[in-house]
Q: 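Sending over a structure as structure tokens; questions will come in a sec.
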Amino acid sequence: MPTPLRERKAWQALERHYAEISGSHLRELFAADPGRGERLSAEAVGIYLDYSKNRVTDETMALLVELAEESGVPARRDAMFRGEHINVSEDRAVLHTALRLPETASLVVDGQDVVADVHAVLHRMRDFANRVRSGEFKGFTGKPIKNVINIGIGGSDLGPVMAYEALRHYCTREITFRFVSNVDSTDFVEAVRDLSPEETLFIISSKTFGTLETLANATSARDWIVSALGSADAVANHFVAVSTNAARVSAFGIDTANMFGFWDWVGGRYSMDSAIGLSNMIALGPDQFDELLAGFHDMDEHFRTAPLAANLPVLLGVLAVWYRDFFGCQTVGVMPYEQYLKRFPAYLQQLTMESNGKHVTLSGQQVDYDTGAVYWGEPGTNGQHSFYQLIHQGTVLVPVDLIGFARTLNPLGDHHDLLSSNVFAQAAALAFGKTEAEVRAEGTAEAVVPHRVFEGNRPTNTLLCDVLTPRLLGSLIALYEHSVFVQGTIWEIDSFDQWGVELGKVLAQQIIPELTSAAEPSLTHDSSTNALIRRYRSLKGA
Ligand SMILES: O=P(O)(O)OC[C@H]1O[C@H](O)[C@H](O)[C@@H](O)[C@@H]1O
């Protein structure tokens, strides 16, 4: 049993240290230490992390790294990479890192070479992707596929849609890609409105193949194809499945020959580099998909081997703990200054919040400290003209990750420098602010002075990369995956289960028949739920 968090030596030292330094201003820390801006940085696999604009000193960082050490981050990391069952509440290995091991590697878990299994599926995916891309794979009426629709939700949607948007520059423009996730019929109806069924392929992505939203959408997709093409036999030409559950795939009516498998040791939110990425492989082509996997692996190797004090996921992870538990920050903003990464914050929400939104330790004890923060964000400059006001002058402290790139994939005049100047300007403005004296010196009318003061001392990480490539994207995602792991290990929680999504699902199952029934809603509901059900029924019937 690890020492409870509050009793760890490094934690207690951090409590004392926090009392000493929490009042320090980044203005003073920078003024007293000209080397700070370069020293408090780390770089690996094409990602430069400037963490100097955090409310830390060298001593803070040393203590945070000690905390990671004392919390057993290296040992648990190695256990994860070996395939031990670190997901204790589901008694499963956590092996998304095996999805990106090179074919020459070998990893035997429970008597099975998982690398061989992974590459067997990758080979089938490559063959299929090539056949779809070349037009060799044909629809029921003999036409090549022009549209690919991934139907999935949560981890079976967010990764593929984020990566598709992120890597659009590298994707074929010959095929239209769409992603249907919501059980709201509008999602499906709008996605297929302008498409020809004869040229449309559905990828039904679901780890369990039991998710209501996905099965409802898959059923509507099947009806759409069968009614348009006039034969149930058309399913074989227009549907493939990605799942761990072959029995359910075949019960749905998809031949398991058209199924791409993965394994229970891949968590849904860690699955975009498994067969769940099939739509991405078709869009990118197998070679660029390999690059994406190589990028994940680059970061895995860095995480596995770099000293903790220079280890990017460890640094991001311990800083997240520092703000969450010592400064009491409830949220973290992630702002990509790269339009292609517009869905990255949404992707990170599942990764971070489903992983670390937990209230008990691995052994089931209620935690007596805060765990996962709320993650949110938008592309940077758009955010500046909307909610950055609160980050600059509001009363909450919001640590922000700013993600910038030296080069754009779409050079156009001076746009990219205009964009990038904002990355550096925001980080500086948040850190150093503007004092009352500075505002006055500008000749500001006295009554307005307080409104124009920026306290500063608002922390940021700046992640600076060269240009967005599939490889870089893989590394960036793995960076956040492992940061989540570091946080979860320090908090001693299970970052790989998600029991918190179950209760609502069960209640919805109970309510579904009540929405069409004329009988009184269930006596087991509360009066509010019953009143809402009655009102819904009467509005619907009106
Ligand atoms: O891939 P599926 O089995 O359809 O699951 C889709 C999603 O739904 C669940 O409710 C979980 O909260 C997610 O972790 C998962 O990614």
Side-chain angles (χ1 to χ4, degrees), residues 86-87 89-96 99 121 125 149-164 179-184 187-188 202-222 239-252 254 256 259-280 343 346-359 372 374-375 477 480-481 484-485 488 493-512:
I86 64 163
N87 175 356
S89 80
E90 296 180 318
D91 191 18
R92 285 178 183 167
V94 174
L95 268 180
H96 44 279
L99 297 169
V121 175
M125 287 168 66
I149 301 187
N150 184 76
I151 293 182
I153 197 164
S156 300
D157 167 69
L158 288 161
V161 72
M162 177 275 289
Y164 175 66
F179 300 83
V180 172
S181 54
N182 199 335
V183 74
D184 185 332
D187 204 9
F188 179 78
F202 289 95
I203 302 176
I204 313 300
S205 298
S206 175
K207 179 176 171 181
T208 55
F209 230 77
T211 305
L212 177 129
E213 291 84 346
T214 300
L215 293 181
N217 279 317
T219 303
S220 295
R222 188 177 54 195
F239 284 82
V240 295
V242 179
S243 186
T244 59
N245 195 323
R248 285 183 179 162
V249 167
S250 85
F252 178 81
I254 298 177
T256 48
M259 167 181 161
F260 299 86
F262 60 114
W263 307 270
D264 71 359
W265 41 259
V266 184
R269 54 195 174 275
Y270 298 87
S271 67
M272 59 165 286
D273 46 344
S274 71
I276 290 291
L278 181 61
S279 60
N280 296 136
R343 295 287 289 166
Y347 172 79
L348 284 186
Q349 288 187 318
Q350 188 195 12
L351 178 64
T352 57
M353 290 156 75
E354 203 170 64
S355 296
N356 283 343
K358 307 292 160 66
H359 70 133
V374 173
Y375 276 70
I477 298 165
Y480 280 93
E481 285 179 349
V484 163
F485 173 89
I493 55 178
D494 192 333
S495 302
F496 303 102
D497 62 13
Q498 57 284 317
W499 299 108
V501 300
E502 296 303 322
L503 178 59
K505 285 187 196 171
V506 172
L507 283 177
Q509 286 297 342
Q510 194 184 332
I511 290 172
I512 293 167

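In listed order, ligands and their atoms are each counted from 1. All values below were derived from every heavy atom in this structure, side-chain atoms included, with hydrogens, water molecules and symmetry-related copies excluded.
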Q: Taking Ile204's backbone N and O only, do any of them form a donor-acceptor pair with Asn217's side chain (distance below 3.5 Å, no angle check)?
A: no
Q: To which protein heavy atom is atom 6 (C) of ligand 1 closest, and what is the distance rounded to 0.1 Å?
A: Ile153 O, 3.2 Å
Q: Could you tell me whether the side chain of Thr208 and the main chain of Gly210 form a donor-acceptor pair under 3.5 Å?
A: yes
Q: Taking the six-membered ring for Trp, is the centroid-to-centroid distance between Phe496 and Tyr270 below 6.0 Å?
A: yes
Q: Could you list which atoms of ligand 1 come closer than 4.0 Å to a heavy atom of Gly154?
A: 16 (O)
Q: On a heavy-atom basis, I'd like to know which of Lys207, Glu213, Lys505 is closest to atom 8 (O) of ligand 1.
A: Lys505
Q: To the nearest 0.1 Å, how far is atom 5 (O) of ligand 1 from its closest protein heavy atom, and which atom is that?
A: Thr211 OG1, 3.5 Å
Q: Heavy-atom distances under 4.0 Å are what count here, so tell me which part of Thr208 touches ligand 1: side chain, backbone, both or neither.
A: both
Q: Could Asp497 and Lys358 be called an ion pair, given the rule that one side-chain N must be under 4.0 Å from one carboxylate O?
A: yes
Q: Among Glu502, Gln498, Glu354, Arg269, which one puts a heavy atom closest to atom 14 (O) of ligand 1?
A: Glu354
Q: Check whether Asn150 reaches the backbone of Phe202 with its side chain - one donor and one acceptor, N or O, closer than 3.5 Å.
A: no
Q: Using a plain distance cutoff, I'd like to know if Gly155 has any nitrogen or oxygen under 3.5 Å from a nitrogen or oxygen of ligand 1.
A: yes
Q: Provide the number and element of each atom of ligand 1 under 4.0 Å from a heavy atom of Val501.
A: 10 (O), 12 (O)
Q: Using a 4.0 Å cut-off to any heavy atom of Ser156, which atoms of ligand 1 qualify?
A: 1 (O), 2 (P)
Q: At their closest point, which heavy atom of Leu351 faces which heavy atom of Arg269, and how far apart are they?
A: CD1-O, 3.9 Å
Q: Short question: side chain of Asn245, backbone of Arg248 - any donor-acceptor pair under 3.5 Å?
A: yes
